[in-house]
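Accompanying notes for the structure given below.
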Amino acid sequence: MLGVPCRLSGLVHMPRHLDAARAQPTIAPLVPSNRRADSGNGKGNPVSPHVDQFFEERLAKARKLSELGVDPWGAKYETSSDLAGARAKAEAANIAPGTESEVSVRVAGRVVAVRAFGKATFVALRDRSGDIQAYLRSDRLGEAGYAVVKLLDLGDFVGVEGVLGRTKTGEITVFTKALTFLTKALRPLPEKFHGLSDTDTRFRQRYLDLVANPEVRERFVKRSRLIASLRRRLEERGFIEVETPMMQAIPGGATARPFITHHNALDIDLYMRISPELYLKRLLVGGLDKVFEIGRQFRNEGLSPKHNPEFTMMELYQAYGNLDDMMDITESVVSGLAEELSGSGEAQFAGKPVKLSRPWPRLDYLSLLREKAGVDPSSVDSLRAAARKAGVDTAKLDKWALMDEVFSNYVEPGLWDACFVCGAPIELTLLCKARRDDPSRAERFEAYAAGMELANAYTELNDAVEQRRRFQEQAGGATAAETGGKLDEDFLTAMEHGMPPAGGLGIGIDRLAMIVLGAETIREVVLFPLLRPREAAPAAPAAPAAEAPAKE
RNA sequence: GAGGGCGUAGCUCAGUCUGGUAGAGCAACGGCUUUUUAAGCCGUGGGCCGAGGGUUCAAAUCCCUCCGCCCUCACCA
């Protein structure tokens, strides 16, 4: 830990006195500390002197650059376009193979391949948009310019200025007239051909994953576009984006276990939100009418390919609306996003197509239990038997919990093409209105695709008296211990001031991204998924161990 | 929490069953090379084989413990 700031400050000052005499003492101690960080053994074992061969060699090259009057850590570089832009320009210019055009460009990127032929060198540059090849010749760059080329390593950043052309093999190439060195990389990149596949390294050092694996970079660019597009679509429908507290005195809106944090000045514990629902509904009371929030939720539960402790959810509430509006929004927004990002209403997940184009079938919760799970939903014994068969510990479960278990074990995995499951029992929800035609059922749907729950929507309960009754009933329940069984009085008070009838909807953004982008685990769509910290707890824990999160 | 798999050079991987001086490709270093596409050719360096303990004349390999990652299950509105 301590090594990190030291190392940084050392490096920051490097360019200013790269002459070997002064730089050496600054650098020398860096090497072992930085090796420690890498090896992760955290025990400060002596390290053999050659392990930082790459680091030292590259540092030496940085010094040489400095001696040549080139700043190894350069500054702003004005580009004419990104690499894909340059490529497009070349396409448009209709250049014959083996010729150079008059079209000049100025582009920059990271060097991801070097093929050197003595007095000429090809380098592949990479930026977010893609790759392009640059051709660097001694006779074009001059002796001094080419001396810099000889000091290039994989991973360095450079800018090149020149004309677009095609090599005799037809490859679009920047025939470079001027090379500008931008950044020296002191550590090597993962191998160019196989890329980086070790999941541990990929997730812990995602930046390497992004550089080495273009498809990973594409996926995260697409995730960003997906969220931007979702936001645009909701705004077009008249919703406004709001932000509600992530730290809440009473975590409400769902019953997952929360993370606990502490505010020092107020000396109170706060909970990382498990849902923004109760705050968003206060905004309906306040008359904001159509609101949405895209943000992180935190649930202190197990990890799995479908669960990260922090995940992104979109929730929206529409005053004067109901479940039908939520269905319309879900169907059109999700199918629209799929269409926009993958060019079709069909996604590929686990090697199988997932139909996302509308209309989605409306399925009945209880019928699915009967048909897919073969149980009699009215019989506790039937439910219990089925749940047991699935390996569920049924001892403490009531009828409704059993039903939920049976559903998620027998029905959910088979819901592959996008669909709505409607009419779950009212007992499974706390915040949803009962159906007029059947008060035992909730006016609710859950949307499923690829065997995962994707969305959850209600016609919102706006009866303040009934809401209080349900809260009180639940206050003795399972999660009461976590939160002291407190009712969210502030929310109830708000509702007592009158909340308009409304539809509410939550869409899991990570899961939507998984399905649309064909990623089978949530870790492939979350840039920095939670992993156990590398450096294990030190042998002598001087700090209060009590504050350590979850012993699990 | 339980079971299974994995951990060897900067990266991708052999080697572990059947114990006997630690291997390949890429990357790096030195040389040759001004149109390559995983460039090529010649040469060189690089490993506490995840950590600790045990068995053995001898351990990457067998045994035990621990750490990390992945998968399945459990937990989880």
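Order of the sequence lines sets the chain letters (A, B, ...), proteins ahead of strands, with each chain counted from 1. What you see below is based on every heavy atom in this structure, not just the backbone, and it leaves out hydrogens, waters and symmetry mates.
- Across all strands shown, rG25(B) pairs with rC11(B); the Watson-Crick or G-U wobble distances both stay below 3.5 Å.
- Using N1 to N3 plus N6-O4 or O6-N4 for Watson-Crick, or N1-O2 and O6-N3 for G-U wobble, each under 3.5 Å, rA2(B) pairs with rU72(B).
- Scanning for ring pair (Phe, Tyr, Trp, His ring centres under 6.0 Å) contacts around Phe407(A) gives Tyr365(A), Tyr448(A), with sequence neighbours left out.
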| remark: Scoring nucleotides 24-33 of chain B by protein non-hydrogen atoms under 4.0 Å (B base, S sugar-phosphate only, - none) yields -BBBBS---B

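- In this structure, rA60(B) forms no base pair with any nucleotide, since neither Watson-Crick nor G-U wobble geometry is met with both distances under 3.5 Å.
- Atom P of rU21(B) sits at a distance of 15 Å from the matching atom of rA58(B), rounded to the whole Å.
- For the C1' atoms, the distance from rG40(B) to rG52(B) is 47 Å, rounded to whole Å.
- Rounded to an integer number of Å, the gap from Glu453(A) CD to rC76(B) P is 16 Å.
- Residue contacts shown for Arg140(A) are absent, as no nucleic acid heavy atom lies under 4.0 Å away.
- Of the nucleotides present, rU65(B) is the one that pairs with rA51(B) by Watson-Crick or G-U wobble criteria, both distances under 3.5 Å.
- Side-chain atoms of Glu161(A) and Thr176(A) form no donor-acceptor pair, as typed in the model, at a separation below 3.5 Å.
- Taking atom C1' in both rG7(B) and rU12(B), one finds a spacing of 14 Å when rounded to whole Å.
- Using atom C1' as the reference point in both rC48(B) and rU8(B), the two lie 12 Å apart (nearest Å).
- Partners of Tyr146(A) under the ring pair (Phe, Tyr, Trp, His ring centres under 6.0 Å) rule, at least two apart in sequence or in another chain, do not exist in this structure.
- At least one side-chain heavy atom of Asp200(A) sits under 4.5 Å from a side-chain heavy atom of Leu531(A).
- At whole-Å resolution of the value, CG in Asp398(A) and C1' in rA77(B) are 11 Å apart.
- Spacing between atom CD1 of Ile132(A) and atom P of rU36(B) amounts to 18 Å, rounded to whole angstrom units.
- Remark: Arg296(A) engages Met246(A), Phe298(A), Glu310(A), Thr312(A) in a side chain to side chain contact (heavy atoms under 4.5 Å, CB included) (not counting sequence neighbours).
- For Ser104(A), the side chain to side chain contact (heavy atoms under 4.5 Å, CB included) test picks out Val163(A), with sequence neighbours left out.
- Counting to the nearest Å, the C1' atom of rA77(B) and the CZ atom of Arg257(A) are 14 Å from each other.
- The separation between Asp198(A) atom CG and rG7(B) atom P is 11 Å, rounded to whole Å.
- The distance between atom CG of Asp200(A) and atom P of rU8(B), rounded to the nearest whole Å, is 11 Å.
- Under the salt bridge (Lys or Arg N to Asp or Glu O under 4.0 Å) criterion, Arg166(A) pairs with Glu91(A), sequence neighbours left out.
- Within 4.0 Å (heavy atoms only), Thr521(A) reaches sugar-phosphate atoms of the nucleic acid but no base atom.
- Base-pair partner of rU37(B): not found among the strands shown (Watson-Crick or G-U wobble, both distances under 3.5 Å).
- The separation of rC26(B) from rU44(B), taken at their P atoms, amounts to 15 Å, rounded to a whole angstrom.
- Looking at Arg444(A) and Cys432(A), their side chains come closer than 4.5 Å, going by heavy atoms from C-beta outward.
- Rounded to whole Å, the separation between the C1' atoms of rG1(B) and rG45(B) comes to 48 Å.
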